[in-house]
Each structure stands twice: as structure tokens, then as C-alpha cells.
Amino acid sequence: MKHLIDITDLSLNELDDLLKLAEDIIRNRNKYSEVCKGKKLATLFYEPSTRTRLSFEAAMMELGGNVLGFSSASSSSVSKGESVADTALVVSKYADIIAMRHPKEGAPYVASLYSEVPVINAGDGGHNHPTQTLTDLLTIRETKGRLDNLTVGFCGDLKFGRTVHSLIKSLARYENISFVLISPPELVVPDYIKDEVLKKSDIPFREVLNIEDAIADLDILYMTRVQKERFFNEADYIRLKDTYILTLDKLANAKPDMKILHPLPRVNEIAQEVDSDPRAVYFDQVEYGKFVREALIMTLLGLSA
Ligand code: CP
């Protein structure tokens, strides 16, 4: 039995197979419509979500399976004090696979130790969000045609943005990748990512304050929202929340084939006028998320069409 807790749980070959499967699902949807018949996915969400939970549920339904679960801790026996370990063991008696989101780093890993079925980390605190990374990788592959030879800019809350951490770890494994990390000093990428991922593998990166200082070099611009829910101090959030607002003016020097991604939800960091720019792919990204989660469910359940 295999779980997905961290994106590096998948080898590069496994990742490549999974993305190829997602691409086949996109192009041959009918072929997969009954692959999960009789199977159940449990979504255990202790934190709010729109895309991740609903795309997991839509993915399982499109594969012919069923879904059960809860969308907040308050509507489950967690509110009576039940532990993550007990919850995972109990739910694994009802479902064939579990997707869990939790505000505490490591909670899905704990669940995986007790569950009798595969557990997928659907986001744990400010730590990791591996299925968003699968979504991002599929989006880049589908829109740029490659995952190597890219200059990737991350902009916004690079400290608490768990999607950023997972995507850096993942892209760092491909050839000729460099990063531009665009953030205020208070929201820089954590040292453990810089030391254990970037410096350790000699991946070129630079840290800058302004989008304008980087935009012309980028193949991918990955925008992020400032993560209000992870701040200890509201005054700091208010001071930093609008540091970056991407407008058409700021894209003036960007490459014509650069792609703009965002894990969403967006708050103010991308002006609506950018949505109709052909470089904006963040709403396509949402749909790629459903297809890649279909591929992941099939892979972890050992199913094929
Ligand atoms: N990208 C993402 O994780 O969105 P949700 O919080 O809506 O699931």
C-alpha cells in the first residue's frame, strides 16, 4: 500500500507515469468512466477548501466511484476529541482511499500510519500540498510542453504558501531549472527549502523584492495569496496582504509565451483584467487538478482502464 504525503514519495518515473495517465484521461474520458465502480473515496477536511475537496469528489465520480466524508472538523467526532489516528483507522473501514486536509503539519502522515487504506495529503498546515503540485506540474506540461529548461518565478507569500514548497521540491528534480523568489523579507522561502533543496542540489535561485525585477526572465510566474490564516498577528497580515498586485502593466516586459499560474483562491494579488490575457492559465489549472487527482486515485488503488 502506498500513500501520498510528500511529493517526493513519488519517484520521477512514477510522477511521469501519473502525468501521462492524467493526459490519457483528458483525451479519452469515456475509457475511464467505470474504473472505480464500487470504490469509495473519503474526504476528511479539517480546514476549508473549494478546489481540492470538490475536485477529489468530482474525480472519483467521473471514475464511476462514490464519495463520503466531512468538510469541517466541527461536523465530525473530532469535535468530541477523537484523534487523527483513530479517525483514520475508523474511516479506513468504510472507504478504499482517504484524502485528508488538516491545519497541523504532519497530520496526514500520522493518519497514514493508522489507516488500512491509502492516505493522500490534501494540504497540511504551511507544510505541503502534493496534489496541488501534481496539478501545477500537469498544467505546466500541458501549457509549456515540458518540465525542464524553465525559469520559474514564485511571487507572494513564499513562507506560508505550502503549494510553493511542494512545487519547488518537485521542479528541482528536473534538468536546467532556475528559480526567482519574489517576496517581501517577512515572507521569504523557509531556510529548510533553500538549504536542503536548492543549495544542496546547486539549483540556481535569486531572491528579489519586485516583480518588475524578474518578469522578463520568466517562463512561469506562480502567483500566491498571502495566507491570512497562518499569521499570528493581524496587523502584519494587513501590512503585507497587498504587497503584490499583478496588472497588465506589470506584464508589459513578460515573454509572450510565459504562463501565469495561481493555486487559487485569489484575493487581490491578480487583477481581474489579467484573466483574459492568454498567458493566464489559472482557471485551466483548476480543471487539470481534477484530471490529475483521477490519475492519482487510480494509481494508489492499483487500477487501470
Ligand atoms: N488550491 C487549493 O488548495 O484550493 P482550496 O483551498 O480551495 O482547496
Side-chain angles (χ1 to χ4, degrees), residues 4-7 22 41-62 67 69-76 97-105 107-108 111 119-140 142-143 152 154-171 187 220-231 237 241 244 246 259-270 274-275 280-297:
L4 180 66
I5 303 302
D6 187 293
I7 194 66
L41 163 77
T43 51
L44 310 186
F45 276 58
Y46 297 72
E47 248 195 0
S49 167
T50 297
R51 276 144 294 271
T52 310
R53 187 171 66 83
L54 297 185
S55 66
F56 262 118
E57 295 186 357
M60 193 52 160
M61 289 175 193
E62 291 199 8
V67 295
F70 53 81
S71 57
S72 71
S74 61
S75 63
S76 73
I97 187 163
I98 293 172
M100 174 183 281
R101 171 171 288 189
H102 202 287
K104 282 203 185 129
E105 284 85 354
V119 172
I120 301 167
N121 177 2
D124 61 329
H127 192 215
N128 277 315
H129 192 348
T131 65
Q132 181 64 47
T133 304
L134 294 176
T135 302
D136 302 337
L137 293 173
L138 181 62
T139 306
I140 295 171
E142 284 283 298
T143 61
V152 182
F154 290 93
C155 178
D157 183 350
L158 311 188
K159 177 180 179 185
F160 296 118
R162 58 192 173 195
T163 67
V164 172
H165 308 159
S166 291
L167 188 54
I168 289 176
K169 276 197 220 171
S170 187
L171 281 172
L187 297 177
I220 302 289
L221 173 59
Y222 192 95
M223 295 296 296
T224 62
R225 118 189 119 86
V226 175
Q227 305 263 310
K228 181 180 184 183
E229 64 276 29
R230 316 251 178 253
F231 275 73
Y237 169 72
K241 72 185 174 68
Y244 302 106
L246 186 67
K259 302 297 175 198
I260 306 165
L261 279 72
H262 190 310
L264 304 180
R266 124 177 95 179
V267 186
N268 283 330
E269 58 281 357
I270 302 181
V274 176
D275 297 357
V281 296
Y282 32 88
F283 289 114
D284 301 323
Q285 192 179 350
V286 169
E287 196 173 9
Y288 289 128
K290 179 187 67 179
F291 293 122
V292 89
R293 288 180 176 102
E294 289 185 37
L296 178 64
I297 290 167

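Counting convention: from 1, in listed order, for ligands and their atoms alike. In this chain, numbering begins with 1 at the start of the sequence shown.
Heavy-atom contacts of Q132 reach the following atoms of ligand 1: 1 (N), 2 (C) (cutoff under 4.0 Å). Contact atoms of ligand 1 toward L264: 1 (N), 2 (C), 4 (O) (distance under 4.0 Å to a heavy atom of the residue). Residue T50 has at least one heavy-atom neighbour below 4.0 Å for each of these atoms of ligand 1: 5 (P), 7 (O), 8 (O). For ligand 1, the atoms closer than 4.0 angstrom to any heavy atom of T52 are 2 (C), 3 (O), 4 (O), 5 (P), 8 (O).
Within the 4.0 Å heavy-atom cutoff, E47 does not count among the residues contacting ligand 1.
Side-chain atoms of E57 and T43 form a donor-acceptor pair, as typed in the model, at a separation below 3.5 Å. Defined by atom type and a distance below 3.5 Å, a donor-acceptor pair is present between the side-chain atoms of S166 and N128. A donor-acceptor contact under 3.5 angstrom links the side chains of D275 and Y282, judged on distance only.
When only non-hydrogen protein atoms are considered, atom 4 (O) of ligand 1 lies nearest to R51 NE, 3.0 Å. In terms of protein heavy atoms, atom 6 (O) of ligand 1 is closest to R101 NH1, 2.9 Å.
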Would E47 and R162 satisfy salt bridge (Lys or Arg N to Asp or Glu O under 4.0 Å), going step by step from the backbone distance to the final call?
CA-CA 14 Å; E47 248 195 0; R162 58 192 173 195; 3.4 Å; yes
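The aromatic rings of F70 and Y46 stand perpendicular to each other, their planes meeting at an angle above 60°, with 30° marking the opposite boundary.
A distance of 11.0 Å separates CZ of R293 from CG of L138, quoted to the nearest 0.5 Å.
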